[in-house]
Every structure is written in structure tokens, then in C-alpha cells.
Amino acid sequence: RDWNVNLMRLQLNTSEAIARDPLRYRKFIDEKIEKVIPNVLDLGRKYGIAIIIDLHTVPGTANSRNNPCLFDDEERVQFFIRIWERIAVKFKGHPALYGYDLINEPNEQRPVRFGYWEVQRLAAEAIRRIDPETPIYIESNHLCSPYTYPYLSPLKLKNIIYQLHSYDPFVYTHTRFTEKDRKAGKTFPSYPGKFLGANWDFESLKARLRPVREFQLRHQAKIYVGEFSAVRYAPGAARWLEDVISLFEEYGWDWSYHAFRESKTWDVEYEGGSYKDYVKATAPTGRLRALLEGFRKNHQQEVQKHE
């Protein structure tokens with residue numbers, strides 16, 4: 001709240017081993033539904049922060065590289081739908097509830113019995129029979145990639161929001177750069193710069209997001225950037241954050257940074273350094289300042305609303 005945040009994506013997350021074990025997964029999701037979600041929603045109401053419930057780990061995982069996964073198993077699909085029915089029954093109407101984020105980063109890369117889009121459609125229809133109003137978030141294929149939007153189909157339901165995760169260029173946002181690499185004389189290219197032979201700058205980022213922008217305009221769709229980030233030690237990461245946030249704001253997309261105090265790899269309250277070189281910053285980092293500037297617009301919008 002002190003940062004002027006008005007939206008949080010609550011990740012219901014566990015390990016792949018638990019996701020593939022029905023008994024352990026049921027225990028995991030029961031605890032989240034009965035204890036974690038109610039507490040977070042009440043805190044959201046207290047501090048004026050809207051909450052998106054994100055089923056970050058689904059039964060059996062949402063990655064078709066695993067065999068079997070959610071998309072191969074009818075019993076798991078039905079369990080997945082029942083989870084969302086249970087969440088909708090329990091939490092619909094809560095003043096802090098902003099939306100249901102159905103599947104985190106579906107990754108359908110081979111023939112499956114139930115496609116990533118179809119599974120989300122079934123869950124969305126089940127939720128709508130219980131809760132006609134609360135927004136439902138649909139994620140695109142290949143880890144919620146902007147590049148899959150040319151073949152993403154809109155759902156014919158009310159208040160559907162389409163999500164993407166923005167991590168381009170991936171070799172920049174996710175490279176593991178260690179102290180050993182530094183001592184060996186290796187360098188980590190800065191943004192803006194050249195990655196894998198291609199130049200990356202503001203215009204490059206804009207071009208990579210064009211499929212989502214075209215989908216938005218073609219279908220009059222609402223877009224949400226559920227995750228975006230660059231590793232804290234990436235040179236130019238503050239500039240990268242400024243550029244992507246300015247694009248999100250220009251297009252009218254909701255957004256949430258990945259992630260708040262979840263991993264020091266992404267934590268804007270830690271200095272750059274290198275991988276596992278964890279030093280808590282004594283003053284706001286450039287990355288934090290970039291986020292705070294983006295969050296400041298929330299206050300400006302609230303002021304304008306009341307003028």
C-alpha cells in the first residue's frame with residue numbers, strides 16, 4: 001500500500017511433485033482455499049488492494065512436456081473445474097476479489113485430450129453459472145506468450161480478460177550470471193543492446209507486443225500483463241522496466257510485476273551483483289524507482305476520478 005499498489009496476483013503455488021500426487025495436491029489446495037485466500041482477500045480489503053486468485057499450479061501441471069499432464073486426464077480436468085467452482089462459491093462478492101486466473105502458463109506442445117483453451121473454457125463456464133460478474137483471466141499458450149495471440153480465440157462470456165507474460169528478450173530477462181562468470185571475464189549485455197544477433201530497444205519491445213495489441217483492437221478485448229521482469233543483475237533492467245511499463249500504460253493494460261518478495265532473483269529491493277549475490281539495498285534501486293513511477297499513476301487516476 002505504501003508503494004501505491006492497487007492490484008496483486010495471488011499465486012497458489014506448489015511443487016511439480018505435489019501437483020502430480022492427487023492426495024498431496026488436495027491437501028495443498030484445501031489449505032489455500034480455507035486459510036490463505038480468505039486471509040489475503042481480507043488484507044486486500046483492509047489496504048485497498050484488489051486480488052486476482054491465480055491457480056499457479058494445477059492438478060498434474062499445465063506443461064505438456066510432462067506425461068501425463070492436466071490436459072491428458074479427464075479426472076484431473078474435472079477436479080480442476082471443481083476447484084474453481086469451490087473458489088467461486090466461497091469468494092464471489094468479496095469486495096477485494098478482482099478476478100479468477102484459471103491456469104498459469106499453459107504449455108501445450110503436443111496432441112492432448114483436452115486443449116489448454118478448452119479446459120479454460122469449461123472452467124470459465126462453470127464459474128459463470130455461479131458468479132456472473134467477476135472477471136475471469138484466460139492465459140495464452142506456450143507459457144502465456146504474446147506470440148500465440150494470432151491464434152487465440154475470444155471466449156463468448158462476460159468479463160473475460162486475456163493475459164500475457166512479458167519476458168523479452170528471454171536471454172536477457174532470465175540469464176543466470178554468476179560470480180564465476182564475472183571472474184572468468186564474461187559480460188552480461190545491457191539493455192538496450194544486441195541479444196542473439198538482434199537489436200533490442202523500445203521499438204523492438206513494441207513490435208514483439210504487436211500481436212497482443214492487434215488482438216485487443218480486433219476484439220475490443222481487455223488485456224492483463226500478469227508477469228514481467230528482468231533478473232535484478234541485468235544491466236539496464238531499470239530502463240527495460242520503464243520501457244515495458246510505458247507500453248502497458250499506453251495500451252491501457254493492467255499489469256503486475258513478478259514478483260514481490262518471492263525470489264531474490266526478481267526482488268527490486270536487492271542490489272544487482274550476480275546470481276545468488278544477495279545484498280539488500282540501502283536506498284531504492286533503479287528497478288524499484290521504475291516500479292514506483294508506474295504505481296504513482298494509480299494515485300493520479302484516483303485523483304482524476306474524484307475531480
Side-chain angles (χ1 to χ4, degrees), residues 105 107 140 142-150 163-216 223-260 262-297:
E105 297 191 345
N107 194 22
S140 60
H142 295 312
L143 308 176
C144 207
S145 167
Y147 304 122
T148 61
Y149 267 76
Q163 185 173 163
L164 72 140
H165 294 174
S166 185
Y167 291 114
D168 274 328
F170 194 80
V171 69
Y172 171 72
T173 63
H174 278 65
T175 291
R176 182 176 294 187
F177 187 75
T178 66
E179 190 59 30
K180 183 178 179 181
D181 292 329
R182 188 191 304 281
K183 290 178 179 177
K186 295 182 180 178
T187 58
F188 194 137
S190 180
Y191 173 87
K194 183 169 285 190
F195 302 92
L196 299 180
N199 290 318
W200 282 85
D201 55 17
F202 178 84
E203 292 302 323
S204 305
L205 294 172
K206 191 170 188 176
R208 292 335 193 263
L209 293 174
R210 187 169 295 129
V212 185
R213 178 61 170 166
E214 291 174 348
F215 178 93
Q216 176 190 16
I223 304 296
Y224 167 57
V225 186
E227 296 183 19
F228 68 98
S229 200
V231 289
R232 58 180 169 72
Y233 44 83
R239 169 74 179 276
W240 185 89
L241 289 173
E242 290 169 358
D243 283 356
V244 294
I245 289 172
S246 70
L247 284 169
F248 305 157
E249 291 290 331
E250 176 185 342
Y251 296 152
W253 298 351
D254 290 341
W255 51 269
S256 54
Y257 175 80
H258 181 84
F260 179 68
E262 175 202 324
S263 165
K264 293 184 179 67
T265 300
W266 312 107
D267 198 324
V268 294
E269 296 172 295
Y270 279 75
E271 298 284 3
S274 59
Y275 182 67
K276 291 192 175 180
D277 175 22
Y278 303 135
V279 178
K280 189 74 178 284
T282 57
T285 64
R287 290 168 294 118
L288 176 53
R289 290 196 300 272
L291 283 185
L292 292 176
E293 182 59 32
F295 295 146
R296 193 169 292 118
K297 294 180 175 62

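Because the structure is predicted, anything quoted here is derived from the model rather than measured.
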message: Contact between Tyr275 and Val231 at the side-chain level, heavy atoms closer than 4.5 Å - yes or no?
response: no
- prompt: Do you know which two heavy atoms are closest between Thr148 and His142, and how far apart they sit?
  reply: CG2-CD2, 3.6 Å
field: Minimum heavy-atom distance between Ser166 and Val225, given as atom pair plus value
entry: CB-CG1, 4.2 Å
message: Regarding Asp243 and Ser246, do their side chains bring together a donor and an acceptor under 3.5 Å, going by distance alone?
response: no
- line: Rounding to 0.5 Å, atoms OG1 (Thr175) and CZ (Phe188) come to a distance of 4.5 Å
task: For the residue pair Phe228 and Trp240, categorise the inter-ring angle as parallel (less than 30°), tilted (30 to 60°) or perpendicular (more than 60°).
output: tilted
message: Looking at every heavy atom in both Cys144 and Gln163, which two are closest together, and how far apart are they?
response: SG-O, 3.2 Å
- prompt: Below 4.5 Å, heavy atoms only, C-beta onward: do Trp200 and Asp168 meet side chain to side chain?
  reply: yes
statement: Output for pair (Arg176 CZ, Lys276 NZ), nearest 0.5 Å, gives 7.0 Å
field: Ser274 side chain to Tyr233 backbone, donor-acceptor under 3.5 Å
entry: no
query: Is the closest side-chain heavy-atom distance between Leu205 and Tyr191 below 4.5 Å?
result: yes
message: Under a 3.5 Å threshold, yes or no: a donor from one side chain and an acceptor from the other, between Ser256 and Tyr224?
response: yes
field: Closest contact, heavy atoms only, Trp266 versus Ser229
entry: CE3-OG, 3.1 Å
query: Does one side chain, of Tyr167 or Glu227, offer a donor that lies under 3.5 Å from an acceptor on the other?
result: yes
- prompt: Should the ring pair Tyr270 and Tyr278 be called parallel, tilted or perpendicular, given that the plane angle runs from 0 to 90° and is split at 30 and 60?
  reply: perpendicular
query: Side chain of Asp181, backbone of Thr178: donor and acceptor closer than 3.5 Å?
result: yes
query: Do side-chain atoms of Glu249 reach the backbone of Lys297 as a donor and acceptor pair under 3.5 angstrom?
result: no
- request: Would you sort out whether Phe202 and Leu247 count as a side chain to side chain contact (heavy atoms under 4.5 Å, CB included), showing the intermediate values?
  value: CA-CA 9 Å; Phe202 178 84; Leu247 284 169; 3.5 Å; yes
- request: Report yes if some heavy atom in the side chain of Leu164 is under 4.5 Å from a heavy atom in the side chain of Tyr149; otherwise report no.
  value: yes
task: Please report the shortest heavy-atom distance between Pro146 and Leu209, naming the atom on each side.
output: CB-CD2, 4.3 Å
- request: Indicate yes or no: does Lys206 engage Glu203 in a salt bridge with an N to O separation below 4.0 Å.
  value: no
task: State whether the side chain of Arg182 and the backbone N or O of Gly273 hold a donor-acceptor pair below 3.5 Å, judged by distance alone.
output: yes
task: State, yes or no, whether a side-chain contact exists between Lys280 and Glu269 at a heavy-atom distance under 4.5 Å.
output: yes
Flag, side chain of Arg287 to backbone of Arg239, donor-acceptor distance under 3.5 Å: no
query: Only one of Tyr257, Phe260, Trp255 clears ring-ring contact (aromatic ring centres under 6.0 Å, His included) with Phe295; which?
result: Trp255
field: Trp253 and Val212: CA distance, side-chain angles, deciding distance, side chain to side chain contact (heavy atoms under 4.5 Å, CB included) verdict
entry: CA-CA 10 Å; Trp253 298 351; Val212 185; 3.8 Å; yes
- request: Measure the NE2-OH distance between His174 and Tyr172 for me, rounded to the nearest 0.5 Å.
  value: 12.5 Å
field: Nearest atoms (heavy-atom pairs only) where Ala290 meets Ala238
entry: CB-O, 3.9 Å
query: Does Val268 offer a backbone N or O that forms a donor-acceptor pair with the side chain of Thr285 under 3.5 Å?
result: yes
